[in-house]
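One-based numbering, in listed order, for ligands and for the atoms of each. As the structure is a computational prediction, the values presented were derived from the model and not from experiment. Only heavy atoms go into these numbers, but all of them, side chains included; no hydrogens, no water, no symmetry mates.
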Amino acid sequence: MEPLADIIIDRVVESLDHPFTYRIPPELVDAIAVGQWVTVPFGKSEVFGVVRHMRSGSSEGLKDIKTIRRLDPVLTPVLLELAEWMQDRYLCFLAQAIRAMVPSAVRNDIRARPAAVWYRVQRERLGRRSLKQTVFEYVSEHPGVERQTVLAAFPASGPALQALVREGALQAFAYPPNTHEPSRPMLTEHQAQALARLKSGPNRAWLLQGVTGSGKTEIYLSLIEGVLAEGRQAMVLLPEIALTPQTLTRFRERFGIQVAVWHSGLSHGQRRATWDGVRQGQIGVVVGARSAVFLPFPNLGVIVLDEEHEPTYKQEEHPRYHTREVAVWRGQRERATVVLGSATPSVESRYRVHQGELELVELPERVGGRAMPAVTIVDMRQELKEGHREIFSRLLKESLTKVLKSGQQVILFLNRRGYSTFILCRSCGTALECSDCSVSLTFHQREHRLFCHYCLNEFAVPDTCPECYSDKIRHFGAGTERVVEEVNRLFPKVRILRADRDTLTRPQDYAELYHRFYDGEADVLVGTQMIAKGMDFPQVGLVGVVAADTALHLPDFRSAERTFQLLVQAAGRSGRKNTTGEVVIQTYNPDHYAIRWAQTHDYPAFFQEEIVNRKQTRYPPYADLWLLLFEGEQDVVVQERALAAAHELRSRWPNKDVLGPAPAPLARVRGQYRYQVLVKSFPETGDDDLTSYLKELKIHDRQLSLTRDPYFLM
Ligand code: ADP
Ligand code: ZN
Ligand code: ZN
């Protein structure tokens, strides 16, 4: 019997997707630990791997572990377990899960840059006058100043800074330190009650539902304070674009040095420093985008997932995890409280409350009793009927004039800028739908035909509306540029900012845009739903939704849910501080329930209707979805592969729904043809070996990608 270790090899290859056993050589026996990063011989080469288990057994025919690359384990046992759970649930490779947890910045840490350093005064005064003295005084006047700023103000002051730190006159931090006592507002009665419930049982998962401005963030802060006092850590997850300076400032003001951020804009050096700080327990709070859910906290006390309904929590690349699921899994496994926060929870989460899997805590009112903004719906069919064909209805134009004159700011939303076009009748508001699937048909320019991306049905583009025979039927979608033009035409003096996927590409861009609008550099902000959340502008007196229909007609079973959420979130941007906001929603479908219930901010009413639809159409939460995406160079071949799989699925699992194959909405990408098959599996018919079949299929078809619970059916 000899000491052995099972090693997960850091290679994304099917044949290596399970641990391999190695002998632990005597010189490593004392040093080795589960979770360590090691090198092992593989074939003729040497590869990296992670120690999964240690045990004893016969070492016959086994090779030796070569080196331990890093003494401290890179992964906790819980994260190793999580990797295996992800392998099963999302059918990803173990190495893909591991890579999501150990960012390349850490893997290549030898090449990393030095970490940033900040200073604050430690001792009262210094002896004699010198560059050192000058620098010292500068830091006294600018507490929490960053090293780079000091160097810019006093060239060649590096040695002086070092000396000051050595002498104990300054303190250096890896993060901006606290420079003043944080202020804590007295919690309102609702907040205090909510907080008491969240604290009532650790190891539980909660849905915190509260309208925008109801004080959810304040509750997170209080909850985290308690957790830090117990010596545990906190993880706060936000959609990437909600990581605005304003949100971070609130956390920094409360927790100062203990807060780190985690998002795609970090340098390798920052990433590595943060990851190390988290693993060593030096960082108490991380505010981050979805991949922060994998950070190796030693003693996690709370996980907050704000704006839990946001589709960006679904990772669309391998490993295709859902952040919410991982968060709930970790919370349970690590005995941490999980709080999912939203003004408009996902239908799935709210359903889980009914199923008893999540507990509901509500904040029914805005802080300070401020009223929800008044929402007016404008029927654009009526506008057209009365001879008004412009982008802005008469009412929206009037409100624009009034609000701009009063010196307040305006936000104009286009809702979603869909990549796909749909055909809409401007007389009656009908969008052309598939007769079998009741999802909107997508217009394909090249063929000049309409396709259903669920069932492969294909239709000619009609000249007249099938409902009302009007000839005012055409494809739809005014872009943000068009809206900017129109504002310019109507109000030539007004200053405008545009925000969409073309103008905002990096996380810094959001921050900049946010500051510019906040500081009053523009009167009107025109944008897609990207700007609908996380941003709090006190001077906004009017929010106009130029086209509410765009999201309503995406070929997606979540389109009503998305529309409702976007409209409520957009409305929440109006009247945040002292102003009473006004909201105008323009639509060709004023009677659609998503729009009607958004007008009155009535989530329960919306949920009631939506959940009935989901049940009838057999979509989540009543079904588990698997999306199979087949790709390849030859159209016919790809289609045949998809057909064969669909046929097999139908004959082996008659009690599941198998849709397709149909061309993917993006039918051809980089010369690759794409077909998809959608499988709906129903919990009540029992769980069976579908995933093992899919796994098998994937082994034989390298150009197949599998997504559990897909969000973008492209
Ligand atoms: P949400 O996260 O639900 O949108 P916030 O926590 O951001 O709500 O609160 C909305 C506004 O009200 C913020 O400006 C916040 O500082 C303020 N606020 C929250 N709680 C209180 C309180 N108890 N007393 C005074 N102001 C509060
Ligand atoms: Zn019509
Ligand atoms: Zn169809």
Side-chain angles (χ1 to χ4, degrees), residues 180-199 206-226 234-239 241-255 259 285 287-288 302-310 313 338-346 349-350 360-373 409 411 514 517-518 529 531-541 543 565-581 583 598 601 603:
H180 60 89
E181 264 308 294
S183 64
R184 285 176 195 76
M186 269 277 288
L187 293 186
T188 64
E189 210 177 302
H190 285 304
Q191 282 175 317
Q193 278 168 5
L195 183 66
R197 280 197 67 206
L198 296 178
K199 283 183 162 176
W206 304 86
L207 179 63
L208 175 61
Q209 182 168 1
V211 294
T212 45
S214 60
K216 295 186 292 299
T217 310
E218 207 53 52
I219 290 189
Y220 305 151
L221 293 169
S222 301
L223 195 60
I224 291 168
E225 239 171 1
M235 181 201 288
V236 181
L237 302 167
L238 299 170
I241 75 170
L243 283 168
T244 56
Q246 182 196 30
T247 318
L248 297 178
T249 302
R250 278 180 83 180
F251 282 88
R252 285 244 157 88
E253 274 174 2
R254 191 68 68 90
F255 305 117
V259 179
V285 186
V287 181
V302 63
I303 303 175
V304 170
L305 196 139
D306 196 26
E307 312 284 5
E308 69 88 31
H309 60 278
E310 276 301 318
Y313 281 123
V338 178
V339 182
L340 312 177
S342 177
T344 52
S346 60
S349 288
R350 188 61 194 231
L360 182 66
V361 181
E362 286 179 288
L363 285 177
E365 291 168 8
R366 281 181 154 187
V367 174
R370 278 172 300 132
M372 295 303 284
Q409 291 176 306
I411 300 182
Y514 172 79
F517 197 58
Y518 192 92
Q529 86 276 9
I531 54 172
K533 63 204 134 233
M535 292 194 173
D536 192 353
F537 302 109
Q539 290 309 319
V540 170
V543 166
Q565 287 163 347
L566 290 169
L567 293 179
V568 173
Q569 298 281 339
R573 298 302 114 205
S574 190
R576 297 276 291 179
K577 278 269 156 60
N578 305 316
T579 56
T580 50
V583 180
H601 315 276
Y603 182 91

* Asked: Relative to each other, are the rings of F537 and F517 parallel, tilted or perpendicular (30° and 60° limits)?
  -> perpendicular
* Asked: CG of L237 to CD of E310: how many Å apart, nearest 0.5 Å?
  -> 13.0 Å
* For ligand 1, find out whether one of its N or O atoms is nearer than 3.5 Å to an N or O atom of G213. => yes
* Asked: If you measure from atom 7 (O) of ligand 1 to every heavy atom of Q191, R250, K216, M186, which option wins on shortest distance?
  -> R250
* Okay, side chain of Q191, backbone of G215: is any donor-acceptor separation there less than 3.5 Å? -> yes
* Asked: Taking both backbone and side-chain atoms of G215, is any N or O found less than 3.5 Å from an N or O belonging to ligand 1?
  -> yes
* Asked: What pair of heavy atoms forms the shortest contact from V259 to R252, and how long is it?
  -> O-NH2, 3.7 Å
* At a non-hydrogen distance cut-off of under 4.0 Å, which region of L363 contacts ligand 1 (side chain, backbone, both, or neither)? -> neither
* To do: Output the list of atoms in ligand 1 that are nearer than 4.0 Å to some heavy atom of V211, sorted by atom number.
  => 3 (O)
* Asked: N/O to N/O below 3.5 Å, does that happen between T212 and ligand 1?
  -> no
* **Contact partition for R366 relative to ligand 1, non-hydrogen atoms under 4.0 Å** => neither
* Structure fact -> Within the 4.0 Å heavy-atom cut-off, what T217 brings close to ligand 1 is both
* Any donor-acceptor N/O pair, Q565 side chain to T344 backbone, under 3.5 Å -> yes
* Asked: Mind checking what makes side-chain hydrogen bond (donor to acceptor under 3.5 Å, both in side chains) contact with E308, not counting sequence neighbours?
  -> R324, S346, S349
* Check ligand 1 against T188 and write out every atom of the ligand that is under 4.0 Å from a heavy-atom position of the residue. => 23 (N)
* To do: Decide yes or no for L223 and L195: does some side-chain heavy atom of the first lie under 4.5 Å from some side-chain heavy atom of the second?
  => yes
